[in-house]
Amino acid sequence: MFKLFSSSKSKKSPYGWFGNYSNWDDLMNAVDGYSSVNILNKTKDALLQVKEGTAVYERDSVLFDQIIHPFPLLTCLFKSAAKLKRPLHIIDFGGSLGSTYFQTKHLLGNDICASWNIVEQEHYVAAGKEHFEDDHLKFFSSIEACLQVQKIDLILLSGSVQYLPEPHLFLEKLAGYNFDFIVFDRTAFHQGKQDRLTLQIVPPEIYKAAYPAWFFHEESFLNHFISDYTIMCDFTSYVAGESLMDIDHQPVGYDKGFYLVQKSRYA
């Protein structure tokens with residue numbers, strides 16, 4: 001029997017990140033995962049309120065009464081547009097139904113962002129096209145599908161790479177696209193000397209779900225990009241509590257971001 005999580009007799013929270021697993025597929029098969037329709041529906045309902053102006057800000061399907069601005073990300077986008085001397089065409093990889101787009105669009109405007117293109121799972125793409133897509137915000141099921149329609153300057157990966165089954169294969173492929181700019185935000189790392197696969201159990205007040213989640217070894221993560229990209233800066237998460245994260249109730253993890261710029265074009 002595949003054992004997910006042993007609860008102790010202590011009163012420590014049963015929610016968060018747990019374990020050090022060796023097999024993504026076994027762990028994924030034992031839990032509901034991230035594709036559960038209840039997550040999509042809750043996110044869609046929350047973002048429709050933001051779109052319609054009856055709510056201010058959504059993150060991870062939760063509504064807030066004020067926007068928490070991701071200033072490190074905004075700085076990277078403004079700097080990239082300044083380097084290009086024109087507005088950016090952006091891919092938001094794993095961007096849900098537009099959470100970051102709606103969070104930032106009133107500060108970016110058309111002078112900074114020419115198009116915002118979300119790459120997501122098929123059921124998110126279908127919901128995005130039905131409820132949110134317009135002349136500026138588009139949805140695609142793959143990076144390749146987006147590139148067939150629009151040349152991209154910058155790719156944003158915010159809290160998404162750690163939920164891929166084979167992240168290093170993806171990162172190697174990502175480096176090969178030769179985007180001018182890459183921004184990682186809210187990406188999970190830990191203090192160990194190799195990647196760690198955990199089980200994330202989400203508090204039910206957000207939504208009921210559990211899924212595999214990686215915490216990366218920082219140097220191994222960045223090694224995919226050091227030959228072609230300059231790391232212009234790194235930054236901590238704008239979300240309170242993510243600069244230090246517990247795994248098995250120990251403060252050994254952290255969310256971090258990086259701004260990467262193509263060496264050959266912007267030395």
Side-chain angles (χ1 to χ4, degrees), residues 17 24 27-28 31 33-36 39-40 42-44 47 58-62 70 72-73 76-77 90-104 116-125 127-128 132 137-147 152 154-177 179 181-190 195-200 202 206-207 209-218 220-222 224-225 234-239 242 245 253-260:
W17 292 266
W24 174 281
L27 186 55
M28 191 69 186
V31 296
Y34 198 72
S35 62
S36 179
I39 304 174
L40 171 60
K42 187 173 181 184
T43 303
K44 179 189 70 178
L47 270 173
E58 174 271 346
R59 186 178 74 242
D60 299 330
S61 82
V62 178
L73 168 59
C76 297
L77 299 182
I90 297 168
I91 280 181
D92 183 358
F93 182 85
S96 184
L97 296 174
S99 299
T100 305
Y101 169 75
F102 288 107
Q103 180 188 18
T104 60
W116 192 285
N117 306 277
I118 291 175
V119 172
E120 258 293 358
Q121 302 172 79
E122 291 282 2
H123 57 306
Y124 275 80
V125 173
F132 299 99
L137 177 63
K138 303 294 182 182
F139 292 84
F140 300 91
S141 59
S142 69
I143 294 174
E144 290 77 11
C146 179
L147 292 177
I152 294 298
L154 181 148
I155 185 166
L156 165 65
L157 308 100
S158 180
S160 54
V161 181
Q162 57 260 45
Y163 298 108
L164 298 177
E166 296 182 302
H168 286 281
L169 291 179
F170 170 78
L171 292 171
E172 183 178 351
K173 187 175 182 181
L174 175 63
Y177 286 112
F179 295 120
F181 311 101
I182 300 175
V183 180
F184 293 102
D185 193 13
R186 299 183 69 195
T187 303
F189 299 91
H190 76 120
D195 296 345
R196 179 169 178 173
L197 178 60
T198 69
L199 172 69
Q200 181 177 354
V202 181
I206 299 177
Y207 46 67
Y211 32 77
W214 293 100
F215 283 79
F216 297 110
H217 175 242
E218 193 171 314
S220 300
F221 184 94
L222 292 173
H224 294 282
F225 306 97
D234 58 50
F235 47 90
T236 57
S237 173
Y238 69 92
V239 178
E242 289 187 349
M245 300 164 65
Y254 55 98
D255 267 6
K256 192 173 183 178
F258 296 92
Y259 176 39
L260 280 59

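These values consider heavy atoms only, across backbone and side chains, with no hydrogens, waters or symmetry-generated copies.
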**Message:** Can you give me the closest heavy-atom contact between R186 and D255, atom names plus distance?
**Reply:** O-OD2, 3.6 Å
**Prompt:** Does a side-chain heavy-atom distance below 4.5 Å link I152 with C146?
**Reply:** yes
**Residue that, paired with L156, satisfies side chain to side chain contact (heavy atoms under 4.5 Å, CB included) out of T100, I118, I91, I182** = T100
**Over all atoms of both residues, closest heavy-atom pair of F140 and V125** = O-CG2, 3.3 Å
**Within-4.5 Å side-chain heavy-atom neighbours: I90 and L77** = yes
**Message:** Testing T198, L164, V31 one by one against P212 for a side chain to side chain contact (heavy atoms under 4.5 Å, CB included), which residue passes?
**Reply:** V31
**Asked** Can you tell if the side chain of H168 reaches within under 4.5 Å of the side chain of D195, non-hydrogen atoms only?
**Response** yes
**Message:** Do L199 and L27 have side chains that approach each other closer than 4.5 Å (heavy atoms only, starting at C-beta)?
**Reply:** yes
**Message:** Between E120 (side chain only) and S96 (backbone N and O only), is there a donor and an acceptor less than 3.5 Å apart?
**Reply:** yes
**Stepwise ring-ring contact (aromatic ring centres under 6.0 Å, His included) check, F184 with F189** = CA-CA 12 Å; F184 293 102; F189 299 91; 8.3 Å; no
**Asked** Do the side chains of F132 and L137 get nearer than 4.5 Å, heavy atoms only?
**Response** yes
**Asked** Are L97 and Y124 close enough that some pair of their side-chain heavy atoms sits under 4.5 Å apart?
**Response** yes
**Prompt:** Quick one: OH on Y254 to CD on E242, what's the gap to the nearest 0.5 Å?
**Reply:** 14.0 Å
